[in-house]
Amino acid sequence: MSRMVIALGGNALGNNPEEQIEKVRYAAKAIVPLILAGNDVIVCHGNGPQVGMINLAFEKGYEGGYTPLMPLAECTAMSQGYIGYHLQQAIDAELVAQGCNDTPVITMLTQVIVDEDDPAFSNPTKPIGGFYDEETAKKLMAETGCKYVEDSGRGWRRVVASPKPVSIYEHMTLDALISDKEVIIAGGGGGIPVIKTETGYHGVAAVVDKDFAAEKLAELVHAEYLFILTAVDRVFINFGKPNQQEIEHMTPDEAQEFIAQQQFAPGSMLPKVQAACEFAKSLPGRKAVIGSLEKAPLALEGKSGTLIEQ
Ligand SMILES: Nc1ncnc2c1ncn2[C@@H]1O[C@H](COP(=O)(O)OP(=O)(O)O)[C@@H](O)[C@H]1O
Ligand SMILES: NC(=O)OP(=O)(O)O
């Protein structure tokens with residue numbers, strides 16, 4: 001039995017409420033076997049498409065005179081509720097379907113503390129929202145002043161600042177709850193980014209990478225495993241090329257060499273590998289796995305995924 005933090009990609013959650021309900025059922029089927037095997041589980045999810053959608057909806061509402069503009073931190077808070085609500089219901093339903101009626105599933109609104117001087121604030125890199133063709137993205141850039149970049153061969157997306165998490169405000173509460181055998185959804189969307197000021201914590205315009213937030217969370221709750229689940233079974237070198245090769249196992253030092261060769265796309269696989277290395281290096285024996293949602297139970301047995309350990 002282990003304590004584990006599972007990071008789920010926002011791109012795997014669909015583009016609207018109906019799709020999301022369907023996709024979280026699928027996620028729940030992958031996560032519940034890990035819970036039934038006796039592990040303590042915290043689920044951390046992405047929100048890239050969803051936070052962009054919420055932000056855009058308020059922008060359009062504002063243009064039409066129907067809504068106020070909604071700051072990005074508040075949009076992440078909304079996305080934690082929207083995604084956590086669906087995930088919580090799906091995990092609960094799957095637990096009950098598997099005959100487990102006594103495991104509470106909760107969503108914790110989570111604030112991630114960032115450094116206001118983080119250089120990320122002047123260099124937006126985190127893709128959010130939907131995918132556009134190049135012409136539309138360039139038109140939107142000229143009209144709105146927002147930055148758009150090409151995202152891993154999948155189209156153009158808006159990018160926002162993505163500072164690194166320094167700490168997680170609720171980590172001690174989460175530690176207590178997980179010790180009490182609750183299944184927790186936390187750190188959603190990378191957490192609501194806040195900075196500490198003389199008058200308390202205040203939200204900032206950014207979206208934290210959920211892989212880095214999940215890593216910080218895993219360290220703070222003393223997890224043994226960090227599972228980063230996405231759309232590929234393993235990390236590849238020469239990804240997408242005829243000579244692509246999957247990696248079953250790597251040490252943080254080997255990963256560093258691949259990073260230096262620019263093997264991992266920034267904004268997609270690079271943060272996952274960096275987060276996995278940070279976790280593996282944080283304490284001897286800690287293991288990080290990058291793999292697919294579909295094969296999560298196999299990854300736990302070492303039969304799928306890329307294992308990163310010292
Ligand atoms: N070297 C690589 N190995 C495997 N996948 C890669 C690599 N480089 C880029 N990718 C892409 O990164 C994607 C995962 O990033 P992303 O979709 O942003 O994650 P998330 O699941 O967190 O939303 C993979 O599905 C794959 O398309
Ligand atoms: N916040 C975040 O990292 O979201 P994605 O996983 O959707 O990119």
Side-chain angles (χ1 to χ4, degrees), residues 6-15 20 23 26-27 30 43-55 72-73 75-80 82-84 110 112 114 120 124-131 149-155 157-165 186-193 206-217 226-241 243-248 250 255 257-259 261-276 290-296 305-306 308:
I6 300 174
L8 281 182
N11 287 316
L13 294 170
N15 294 309
Q20 186 167 280
K23 303 261 180 173
Y26 181 68
V43 181
C44 179
H45 60 80
N47 72 343
Q50 299 78 9
V51 72
M53 172 184 76
I54 294 167
N55 194 244
L72 215 43
C75 293
T76 285
M78 290 182 188
S79 76
Q80 286 189 349
Y82 164 56
I83 301 169
T110 316
V112 62
V114 300
T125 54
K126 177 78 193 155
I128 64 165
F131 294 85
V149 300
E150 207 282 323
D151 181 12
S152 305
R154 297 176 292 189
R157 288 175 95 183
R158 181 181 163 196
V159 283
V160 298
S162 192
K164 290 280 188 319
I192 306 159
V207 173
V208 175
D209 192 293
K210 62 104 188 22
D211 299 313
F212 291 130
E215 191 282 327
K216 184 60 71 183
L217 190 54
L226 171 64
F227 272 94
I228 300 181
L229 302 181
T230 184
V232 284
D233 287 350
R234 285 197 165 106
V235 179
F236 288 82
I237 49 170
N238 303 318
F239 179 67
K241 297 182 186 155
N243 62 340
Q244 72 173 18
Q245 215 182 322
E246 56 181 22
I247 307 171
E248 286 185 28
M250 60 183 167
E257 281 177 33
F258 292 137
I259 290 172
Q261 295 166 11
Q262 300 185 331
Q263 290 284 356
F264 312 125
S268 59
M269 191 46 77
L270 180 62
K272 296 182 198 314
V273 174
Q274 289 173 323
I290 301 174
S292 66
L293 182 60
E294 197 185 7
K295 297 190 179 162
T306 299
I308 297 106

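All ligand and atom numbering here is 1-based and tracks the order in the structure.
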Q. Would you find a donor on one side and an acceptor on the other, under 3.5 Å apart, between the side chain of Gln80 and the backbone of Thr110?
A. yes
Q | Any N or O of Lys210 closer than 3.5 Å to N or O of ligand 1 | A | yes
**Q.** Contacting atoms of ligand 1, where contact means under 4.0 angstrom from a heavy atom of Gly9
**A.** 20 (P), 21 (O), 22 (O), 23 (O)
Q) In terms of atom number and element, which parts of ligand 2 are under 4.0 angstrom from non-hydrogen atoms of Pro49? A) 7 (O)
Q) Would you find more than 12 non-hydrogen atoms of other residues, nucleotides or ligands less than 6.0 Å from Glu150 atom CD? A) yes
Q: Check for a donor-acceptor pair, side chain of Gln263 on one end and backbone N or O of Asn238 on the other, with a separation under 3.5 Å.
A: yes
Q | Identity of the nearest option to atom 4 (O) of ligand 2, non-hydrogen atoms only, from Asn47, Asp209, Ile228, Asp211 | A | Asn47
Q: Decide whether the shortest distance between a heavy atom of Ile128 and an atom of ligand 2 is less than 4.0 Å.
A: no
Q: Return yes or no for this condition: an N or O of Val208 is under 3.5 Å from an N or O of ligand 2.
A: yes
Q. Taking side chain as C-beta onward, heavy atoms only, is Phe236 less than 4.5 Å from Lys241?
A. no
Q. Considering distance alone, does some N or O of Gly48 sit under 3.5 Å from an N or O of ligand 2?
A. yes
Q: Kindly confirm or rule out an N or O of Phe236 lying under 3.5 angstrom from an N or O of ligand 1.
A: yes
Q) What is the minimum heavy-atom distance between Asp211 and Ala275, and which atoms define it? A) O-CB, 3.4 Å
Q | Exam field: side chain Thr306 to backbone Val235, donor-acceptor pair closer than 3.5 Å | A | yes
Q: Check the pair Lys164 / Val114 against side-chain contact (heavy atoms from CB on, under 4.5 Å), numbers first and verdict last.
A: CA-CA 6 Å; Lys164 290 280 188 319; Val114 300; over 6 Å; no
Q | Close side-chain approach of Thr125 and Val159, heavy atoms under 4.5 Å | A | no
**Q.** Atom CD of Gln244: over 12 foreign heavy atoms under 6.0 Å
**A.** yes
**Q.** Contact atoms of ligand 2, heavy-atom distance to Val207 under 4.0 Å
**A.** 1 (N)
Q. Under 4.0 Å from any heavy atom of Gln263, which atoms of ligand 1 are there?
A. 1 (N)
Q | Test: Arg157 cationic atom under 6.0 Å from Phe131 six-membered ring centre, within 45° of axis | A | yes
Q | Protein heavy-atom partner closest to atom 6 (O) of ligand 2 - residue, atom, separation in Å | A | Lys210 NZ, 2.9 Å
Q: Report yes if Asp211 has an N/O atom closer than 3.5 Å to an N/O atom of ligand 1; otherwise report no.
A: no
Q.
Can a donor-acceptor pair be found, under 3.5 Å and without considering hydrogens, that links the side chain of Gln20 to the backbone of Lys23?
A. no
Q) Which atoms of ligand 1 have any heavy atom of Ala231 under 4.0 Å away? A) 25 (O)
Q: Any atoms of ligand 2 less than 4.0 Å from a non-hydrogen atom of Gly46? List them with their elements.
A: 2 (C), 4 (O), 5 (P), 6 (O), 7 (O)
Q: Could you tell me whether ligand 2 has any atom less than 4.0 Å away from a heavy atom of Pro271?
A: no
Q) Is there a heavy atom of Lys272 sitting under 4.0 angstrom from any atom of ligand 1? A) yes
Q: Considering the heavy atoms of Gly189, write down every atom of ligand 2 situated less than 4.0 Å from one of them.
A: 1 (N)
(Q) Which residue and atom name correspond to the protein heavy atom nearest atom 10 (N) of ligand 1, and how close is it? (A) Phe239 CE2, 3.5 Å
Q.
Among all protein heavy atoms in this structure, tell me which lies nearest to atom 15 (O) of ligand 1, with the distance rounded to 0.1 Å.
A. Ser268 CB, 3.2 Å
Q | Evaluation steps, side-chain contact (heavy atoms from CB on, under 4.5 Å), between Phe258 and Met250 | A | CA-CA 10 Å; Phe258 292 137; Met250 60 183 167; 3.9 Å; yes
Q. For atom 17 (O) of ligand 1, which protein heavy atom lies nearest, and how many Å away is it?
A. Arg154 NH1, 2.7 Å
**Q.** atom 23 (O) of ligand 1: the protein heavy-atom neighbour that sits closest, reported with distance to 0.1 Å
**A.** Asn11 ND2, 2.9 Å
(Q) Does atom CD (Gln261) have a neighbourhood of more than 12 heavy atoms from anything else shown, all under 6.0 Å? (A) yes
Q: Report the part of Val51 (side chain from C-beta onward, or backbone N, CA, C, O) that has a heavy atom under 4.0 Å from ligand 2; answer both or neither where that applies.
A: neither
**Q.** Modelled atom types, side-chain donor and acceptor of Ser292 and Asp233, under 3.5 Å
**A.** yes
Q. What part of Lys126 sits under 4.0 Å from ligand 2 if we count only heavy atoms: the side chain, the backbone, both or neither?
A. side chain
Q) Numbering the atoms of ligand 1 from 1, which are under 4.0 Å from a heavy atom of Thr230? A) 14 (C), 19 (O), 20 (P), 21 (O)
